[in-house]
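Written out below as structure tokens is the structure these notes cover.
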Amino acid sequence: MHDTTALLVELGAVILGLGIIGRFAGRIGLSPIPLYLLAGLAFGEGGLLPLGASEEFTAIGAEIGVILLLLLLGLEYSASELVTSLKTQYPSGAVDFVLNATPGAAAGLMLGWGPVGAVALAGVTWISSSGVIAKVMTDMGRLGNRETPVILGVLVIEDLAMAVYLPLLTAMLAGVGLAGGSIALLIALGTVGFVLYLALRHGRLISRAVSSDNPEMLLLVVLGLTVLVAGVAQQLQVSAAVGAFLVGIALSGEVAEGARKLLTPLRDLFAAVFFVFFGLSTDPAEIPPVLLPAALLAIVTVFTKIGTGWYASRRAGIGPRGRWRAGGTLVARGEFSIVIAGLAVATEPRIGPIATAYVLILVIVGPLTARWTEPVASKLQAVLAGKRSKPAVAAEQPMPSHDELTPEHAGRDSD
């Protein structure tokens with residue numbers, strides 16, 4: 001079969017399959033993300049029917065999917081809201097780092113990977129997946145919930161922290177000295193600071209320059225600008241996803257609203273491709289040998305992420321139900337964890353399979369915890385409250401029967 005023909009056949013089958021999977025997930029009230037990943041595993045390397053012709057196109061589509069997910073997330077909030085979030089949420093970011101990076105670092109040291117491997121695995125367990133979480137919140141209709149700004153605040157701090165972490169990790173992996181690592185860090189921080197300055201001081205001018213009454217022109221300009229900035233950010237050792245998020249922050253008003261309407265269907269398509277590609281790039285045969293340590297690490301960091309969400313929401317004055325929802329939503333890991341593992345795999349090859357298994361577990365578990373953490377926690381609290389109230393009732397002396405009444409009892413009863 002001709003290469004182009006094979007590409008079209010495979011691509012058409014993949015997109016049609018995604019549509020069917022998405023409809024099935026909607027019928028059973030489940031996010032389609034876990035099903036996308038399992039489909040990718042089934043048709044990837046070592047799967048039931050490997051897809052080779054469309055692999056390169058799918059890889060590019062996956063990159064675009066992550067960029068669009070973060071762009072749409074950035075369009076939800078203005079630059080001033082971002083700065084306010086950073087000012088109010090930085091203690092939560094610190095707690096997030098301590099609770100979730102520590103298990104990864106400890107596991108790396110126990111596995112004998114040394115400092116570099118420990119730092120890499122700490123990043124894998126620390127960073128939640130902004131892409132997965134954005135998709136889950138959209139699918140569940142929670143963008144307007146009170147806890148959503150808290151969740152986004154934690155994610156923003158994590159994403160911006162990558163501008164510091166990734167250059168440092170890259171320098172450690174390359175064996176670069178302190179001077180080289182410092183230069184890379186300064187470039188990254190300068191890039192983020194420059195974009196934030198433009199968004200805060202000149203966001204209206206940028207929006208006015210991008211604005212257009214023609215939907216086609218608006219789509220082309222916003223999409224082109226986003227991909228360009230993402231590419232430049234990647235070149236400067238800042239994540240492409242962070243660059244796309246900052247573009248979304250820079251746009252505001254009617255431009256942001258119009259861009260959201262135009263780009264939402266495109267985002268949904270390429271986001272689905274991203275999750276499928278993650279499954280396609282994973283060899284199922286590599287997962288069983290590392291499944292136990294990955295599962296143990298996943299269990300620990302499920303609870304640490306729930307604790308992070310609880311703490312951050314409590315600081316914001318949100319009630320118990322919102323705290324549980326925030327914690328459950330933050331569980332998923334994804335694109336950043338894979339990027340970190342990909343950087344480290346050349347120096348520490350053993351990190352690849354365990355990071356893949358770990359992310360696969362949590363990217364499947366994450367949408368489930370987002371839905372079920374709050375109902376399960378509320379149910380347990382109700383059960384425990386019932387158990388606490390029973391001893392108090394049992395401690396009360398029963399009313400004596402008529403035959404057991406003493407004269408003293410009888411007198412009180414008559415009163």
Side-chain angles (χ1 to χ4, degrees), residues 15-16 18-19 21-23 25-26 31-33 36 60-82 85 129-149 151-153 155-156 159 195 198-200 202-231 233 240-276 329 335 367 370:
I15 294 174
L16 177 61
L18 293 178
I21 289 172
R23 291 183 65 179
S31 171
I33 293 172
Y36 291 158
I60 297 172
E63 292 288 339
I64 296 174
V66 174
I67 290 170
L68 289 177
L69 280 167
L70 271 295
L71 169 66
L72 268 293
L73 191 63
L75 288 171
E76 295 290 336
Y77 294 91
S78 66
S80 59
E81 289 171 331
L82 171 63
S85 177
S129 171
S130 299
V132 174
I133 292 170
K135 177 66 174 172
V136 168
M137 289 193 299
T138 302
D139 289 343
M140 300 182 71
R142 290 184 177 177
L143 291 178
N145 284 18
R146 283 195 63 201
E147 73 272 7
T148 296
I151 295 170
L152 294 179
L155 293 177
V156 167
D159 290 346
V195 174
L198 289 179
L200 284 169
H202 308 290
R204 291 183 180 179
L205 294 177
I206 296 173
S207 297
R208 194 178 307 161
V210 171
S211 179
S212 175
D213 294 332
N214 188 325
E216 179 183 354
M217 295 301 104
L218 179 61
L219 174 63
L220 291 174
V221 171
V222 172
L223 183 59
L225 177 63
T226 302
V227 174
L228 176 62
V229 171
V242 173
F245 181 81
L246 293 175
V247 171
I249 291 293
L251 302 178
S252 60
E254 294 182 0
V255 173
E257 182 66 27
R260 272 198 299 269
K261 292 179 180 178
L262 292 171
L263 289 167
T264 296
L266 202 60
R267 175 204 62 186
D268 293 340
L269 169 62
F270 283 102
V273 172
F274 163 71
F275 297 119
V276 170
T329 303
E335 59 276 5

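One is the number of the first residue; the rest follow in order along the sequence. Just the heavy atoms: all of them, side chains too, but no hydrogens, waters or symmetry mates, feed the values below.
M217 approaches S212 most closely through the heavy-atom pair CB-OG, 3.5 Å. The heavy-atom pair separating Y36 from A272 by the smallest distance is CE1-CB, 3.7 Å. The minimum heavy-atom distance linking G258 with L218 is given by the pair C-CD2, 4.0 Å.
A heavy-atom distance below 4.5 Å is found between the side chains of T264 and L72. Residues L68 and L223 form a side-chain contact, since some pair of their non-hydrogen atoms from C-beta on lies under 4.5 Å apart. T226 is not listed as a side-chain neighbour of L263, based on a closest heavy-atom distance of 4.5 Å or more.
Between the CG atom in L155 and the CD1 atom in I133 there is a gap of 4.5 Å [rounded to 0.5 Å]. To the nearest 0.5 Å, atoms CG (L262) and CD (E257) are separated by 10.0 Å. Here the CG-CD distance, from L152 to E147, works out to 10.0 Å after rounding to the nearest 0.5 Å. Expressed to the nearest 0.5 Å, how far CG of L269 lies from CZ of R267 amounts to 11.5 Å.
Listed for the T148 side chain is no donor-acceptor partner under 3.5 Å among the backbone atoms of G144. R260 places a side-chain N or O within donor-acceptor distance of the main-chain N or O of L75, the cut-off being under 3.5 Å. Side chain of R142 to main chain of T329: no donor-acceptor pair is present (N/O by atom type, distance under 3.5 Å, no hydrogens or angles).
Using modelled atom types and a 3.5 Å distance limit, the side chains of E216 and N214 yield no donor-acceptor pair.
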Practice item. Any chance you could lay out the side chain to side chain contact (heavy atoms under 4.5 Å, CB included) test for L71 and V247, step after step, and finish with the verdict? Key: CA-CA 7 Å; L71 169 66; V247 171; 4.1 Å; yes
